Amino acid sequence: MLDLKFIRNNLELVREMLSARRVELDLDEFTGLDNRRREILADYEALRHRRNVVSKEIGLLKKEGKDASSLQEEAKSIGPKIGRMEEELREVEAQLDALMYSIPNVPHSTVPLGETEEDNELVKIWGELPEFGFEPRPHWEVGEELKILDLKRAAKITGARFALYWGAGALLERALINFMLDLHTREHGYTETLPPFMVNSASMTSTGQLPKFADDLFKIDGWDFWLVPTGEVPVTNIHRDEVLSAEDLPLKYTAYTPCWRAEAGSHGRDVRGIVRQHQFNKVELVKFAHPDGSYNELEALLQDAEEVLIKLELPYRVVTLCTGDLGFAAAKTYDIEVWIPSQGVYREISSCSNFTDFQARRANVRFKGPGKSSSEYVHTLNGSGLAVGRTVVAILENHQQADGSVIVPHVLRPYMGGMEKIAV
RNA sequence: GGAGAGAUGGCCGAGUUGGCUUAAGGCGCUCGCCUGCUAAGCGAGUGUAGGGGCAAAAACCUCUACCGAGGGUUCGAAUCCCUCUCUCUCCGCCA
């Protein structure tokens with residue numbers, strides 16, 4: 001969330017930002033609640049002060065064996081007043097909080113203005129689009145014919161939007177996870193973590209999924225546990241309520257996790273294949289950075305994610321999300337989109353964002369420099385490195401052959417027992 | 001699931017017959033002194049959030065809250081009572 005004082009002192013800027021993001025929010029309500037809260041608080045604290053003074057006086061009198069009954073009577077009458085004001089205060093603060101939690105992050109100055117994904121800004125295009133000499137088939141046809149992908153049985157086991165992999169398909173998924181983790185830990189300097197795949201409400205609130213986006217999540221019945229929608233949630237919460245040392249920044253973590261998403265509101269989109277699933281695997285990159293260097297860290301993070309596609313010989317492009325397409329907690333986001341031959345479009349395979357201090361304020365992650373008496377919020381960043389299921393899609397489609405087989409990218413072969421080609 | 005012990009500032013750790021505790025003391029950190037260098041020593045400072053002084057930023061002053069979380073008792077709670085969470089020990093169950 002944003003800093004209360006920042007909103008108070010930059011109302012116009014916040015108003016413009018909200019409209020650029022196409023978020024309808026009543027900022028006059030903010031001003032009213034903010035003022036009301038401070039009014040009540042002043043009276044409330046004055047009363048508590050009075051009670052503290054009187055109570056202390058009573059203690060002293062009693063110690064001397066003197067009578068304190070008149071003071072005790074006054075103190076007794078203060079209690080209920082404090083109680084009433086507390087209730088009022090709590091109500092106003094709850095409303096103010098709700099409003100604060102619904103205000104998205106302020107976009108960085110380099111983020112293009114725009115309304116939809118049509119307005120995203122192209123940053124770069126990498127790789128040659130494959131020439132097939134035949135009509136490229138969609139990944140579900142390729143996968144089912146090779147008997148490595150089985151969506152029918154997955155639907156029987158669980159339901160729509162789940163996948164069952166067989167043989168070389170399962171191996172391919174596992175190989176990709178290992179390849180990505182190895183690349184990021186050995187060549188890009190990330191520390192591997194393996195976090196819990198369920199998190200509590202506090203963790204979901206820190207990273208911004210709650211309270212606004214509960215509909216997108218799976219909740220465990222009877223527990224305050226949620227299935228993680230992305231590794232970002234457990235990994236960013238590693239340092240919740242901690243004060244880090246400035247010299248340790250940036251901290252760079254990578255994690256493999258499955259991701260679960262309810263995909264509410266996406267009925268009818270990507271119904272075929274495994275582009276949009278309720279459960280998919282992802283290797284995530286997360287950074288805790290010094291505010292001064294966070295945008296450089298974003299460029300580096302993007303490069304780390306791109307490297308995966310380059311090594312897998314998959315053509316892609318990079319776009320900067322415009323203000324209207326930007327996620328709730330992000331100040332700036334690059335999407336990496338991989339080429340999908342059967343559809344003739346680029347599809348998102350990684351999203352790399354700088355959240356500045358938006359998540360850090362919610363999660364209370366700070367750092368302290370040597371010699372500094374006060375601490376500051378860190379900047380958090382994350383990106384997919386990459387979404388594994390969609391990487392499988394890209395490999396099956398881009399590396400498919402006329403005979404129905406699929407060439408295994410060179411870097412993956414050591415992870416697949418030397419297999420060069422997936423064939424029936 | 002059963003029995004017991006515990007949770008206090010960046011870290012360690014005292015305080016639990018309710019009131020000179022304004023959370024002792026130590027470590028760490030910062031500044032200063034001392035000093036061929038380093039170490040040690042000496043002195044001072046050092047939690048977070050919010051409100052007000054103050055229109056804005058810093059400094060300062062002041063008030064309020066915070067001793068795992070939430071309630072309660074009381075004029076007054078780190079301290080007493082209740083509920084919950086987590087950690088540790090033992091038992092049970094278990095991959």
Side-chain angles (χ1 to χ4, degrees), chain A residues 1-14 30-97 99-101 194-206 220 222-226 234 237-249 251 288 357 360-378:
Chain A
M1 73 180 123
L2 301 180
D3 181 37
L4 182 86
K5 284 181 186 159
F6 175 84
I7 303 174
R8 189 187 294 157
N9 296 331
N10 298 277
L11 266 185
E12 275 322 298
L13 191 140
V14 173
F30 169 84
T31 308
L33 287 169
D34 183 36
N35 290 335
R36 183 86 190 105
R37 169 176 173 269
R38 282 187 285 169
E39 270 172 37
I40 301 172
L41 196 60
D43 295 344
Y44 170 72
E45 290 189 345
L47 261 186
R48 291 197 79 124
H49 177 57
R50 178 64 193 158
R51 185 174 70 178
N52 287 346
V53 169
V54 171
S55 293
K56 188 166 262 180
E57 189 66 24
I58 292 170
L60 290 175
L61 285 174
K62 287 209 164 174
K63 187 160 274 180
E64 295 170 25
K66 291 179 184 165
D67 176 61
S69 56
S70 70
L71 282 179
Q72 249 170 314
E73 219 154 287
E74 182 190 348
K76 209 170 218 169
S77 73
I78 294 177
K81 286 184 201 159
I82 291 179
R84 279 196 297 276
M85 302 189 79
E86 206 164 50
E87 218 165 283
E88 212 177 331
L89 191 63
R90 211 183 299 209
E91 203 169 296
V92 171
E93 284 187 337
Q95 289 175 38
L96 190 59
D97 270 359
L99 193 63
M100 296 281 292
Y101 274 115
L194 187 60
F197 299 160
M198 294 186 217
V199 300
N200 56 33
S201 296
S203 293
M204 283 292 190
T205 305
S206 295
I220 305 297
W223 297 75
D224 181 31
F225 292 161
W226 305 76
N237 275 281
I238 288 175
H239 293 301
R240 171 146 55 87
D241 292 321
E242 290 184 18
V243 179
L244 308 169
S245 297
E247 58 262 37
D248 292 339
L249 302 179
L251 290 169
F288 297 83
D357 59 0
R361 184 171 291 107
R362 290 177 168 225
N364 192 26
V365 185
R366 294 166 295 166
F367 73 95
K368 207 171 187 176
K372 293 273 177 65
S373 61
S374 64
S375 53
E376 259 183 272
Y377 290 114
V378 299

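All chains are named by letter (A, B, ...) in the order of the sequence lines, taking the proteins before the strands, and each is independently numbered beginning at 1. Since we're looking at a predicted model, the values are computed, not measured.
- In this structure B/G43 sits in a base pair with B/C31, meeting the Watson-Crick or G-U test at under 3.5 Å.
- Nearest-nucleotide positions on RNA chain B place A/Glu57 closer to the 5' end than the other of A/Ala46 and A/Glu57.
- The gap from the C1' atom of B/U87 to that of B/A95 amounts to 23 Å, rounded to the nearest Å.
- A distance of 4.0 Å separates CD1 in A/Ile7 from CE in A/Met100, rounded to the nearest 0.5 Å.
- For A/Arg240 and B/G68, the CZ to P distance is 18 Å, given to the nearest whole Å.
- Here, B/G4 and B/G13 have their P atoms 25 Å apart, quoted to the whole Å.
- Pair check for B/C94 finds none; no Watson-Crick or G-U wobble contact set falls under 3.5 Å.
- Comparing the same atom, C1', in B/A49 and in B/A3 gives a spacing of 40 Å after rounding to whole Å.
- Closest to the A/Ala75 side chain, of the nucleotides B/C75, B/U48, B/G51, is B/C75.
- In terms of phosphate contacts, A/Lys56 brings no side-chain nitrogen or oxygen within less than 4.0 Å of OP1 or OP2 of B/G19.
- Rounded to whole Å, the distance from CG on A/Asp241 to P on B/G10 is 11 Å.
- Comparing the same atom, C1', in B/C67 and in B/U30 gives a spacing of 26 Å after rounding to whole Å.
- Using the Watson-Crick or G-U wobble rule with both distances under 3.5 Å, B/G50 pairs with B/C63.
- Residue order along RNA chain B, read from the 5' end via each residue's closest nucleotide, puts A/Asp34 first among A/Gly79 and A/Asp34.
- Rounded to whole Å, the distance from CD on A/Glu376 to C1' on B/U48 is 15 Å.
- A donor-acceptor contact under 3.5 angstrom links the side-chain atoms of A/Glu45 to the base of B/G50.
- Nucleotide B/U73 forms no Watson-Crick or G-U wobble pair with any nucleotide shown, as no partner meets the under 3.5 Å limit on both distances.
- The phosphate of B/A65 (OP1 or OP2) has a side-chain N or O of A/Arg48 nearer than 4.0 angstrom.
- Residue contacts for A/Arg50: at a heavy-atom cut-off of 4.0 Å it reaches no nucleic acid atom on any strand shown.
- Picking from B/U64, B/A57, B/G51 the nucleotide with the shortest atom distance to the side chain of A/Leu41 gives B/G51.
- Residue A/Arg90 has no polar side-chain atom (N or O) positioned under 4.0 Å from OP1 or OP2 of B/A65.
- Distance CZ (A/Phe225) to C1' (B/C86): 11 Å, rounded to an integer number of Å.
- The partner of B/A55 is absent, by the rule that a Watson-Crick or G-U pair needs both atom distances under 3.5 Å.
- Between A/Phe6 atom CZ and B/A57 atom P there is a gap of 12 Å when expressed in whole angstrom units.
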Discussion item. Go through it in stages, so that I can follow the logic: the residues are A/Arg50 and A/Glu74, the test is salt bridge (Lys or Arg N to Asp or Glu O under 4.0 Å), and I'd like the CA-CA distance, side-chain angles, deciding distance and then a yes or no.
Written reply: CA-CA 10 Å; A/Arg50 178 64 193 158; A/Glu74 182 190 348; 2.8 Å; yes

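- Within 6.0 Å of atom CD in A/Glu242, more than 12 heavy atoms from other residues, nucleotides or ligands are found, so the atom counts as buried in its surroundings.
- B/C81 and B/G9 have their C1' atoms separated by 27 Å, given to the nearest Å.
- Spacing of C1' atoms, B/G2 relative to B/C75, comes out at 43 Å, to the nearest Å.
- A/Asp34 contributes no side-chain N or O that, together with a main-chain N or O of A/Phe30, makes up a donor-acceptor pair within less than 3.5 Å.
- Look at the P atom in both B/A14 and B/A57: the space between them is 43 Å, to the nearest Å.
- Base pairing of B/U17: no nucleotide in any strand meets the Watson-Crick or G-U wobble criterion (both distances under 3.5 Å).
- If you measure from atom CG of A/Leu61 to atom C1' of B/G76, you get 13 Å, rounded to the nearest angstrom.
- Going from atom CD of A/Glu93 over to atom C1' of B/A49 covers 11 Å, rounded to whole Å.
- Across all strands shown, B/C37 has no partner, as no Watson-Crick or G-U wobble contact with both distances under 3.5 Å is found.
- An OP1 or OP2 oxygen of B/U64 is reached within less than 4.0 angstrom by a side-chain nitrogen or oxygen of A/His49.
- Nucleotide B/U89 is matched to B/A3 when pairs are restricted to Watson-Crick or G-U wobble geometry with both distances under 3.5 angstrom.
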Worksheet entry | salt bridge (Lys or Arg N to Asp or Glu O under 4.0 Å) between A/Glu45 and A/Arg38, worked out | CA-CA 10 Å; A/Glu45 290 189 345; A/Arg38 282 187 285 169; over 6 Å; no

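- At a threshold of 4.0 Å, the pair A/Glu86-A/Lys81 does not count as salt-bridged, since none of the basic side-chain nitrogens sits closer than that to a carboxylate oxygen.
- For the OP1/OP2 pair of B/G51 and a distance below 4.0 Å, the side-chain nitrogens and oxygens of A/Arg37 include at least one atom meeting the criterion.
- A/Arg361 comes within 4.0 angstrom of no nucleic acid atom, judged by non-hydrogen atoms across all strands.
- Taking atom C1' in both B/C11 and B/C29, one finds a spacing of 11 Å when rounded to whole Å.
- In terms of heavy-atom proximity, A/Gly79 sits nearest to A/Arg51 at CA-NH1, 4.3 Å.
- Counting to the nearest Å, the C1' atom of B/G47 and the CZ atom of A/Arg366 are 9 Å from each other.
- Side chain of A/Asn9, nearest nucleotide from B/G50, B/A56, B/C75: B/A56.
- Distances shorter than 4.0 Å separate some side-chain N or O of A/Asn52 from OP1 or OP2 on B/A65.
- No more than 12 heavy atoms of other residues, nucleotides or ligands lie within 6.0 Å of CD in A/Glu73, so this atom counts as exposed by the packing criterion.
- Closest approach to the A/Arg51 side chain among B/G76, B/G10, B/G51 is made by B/G76 (side chain taken as heavy atoms from C-beta onward).
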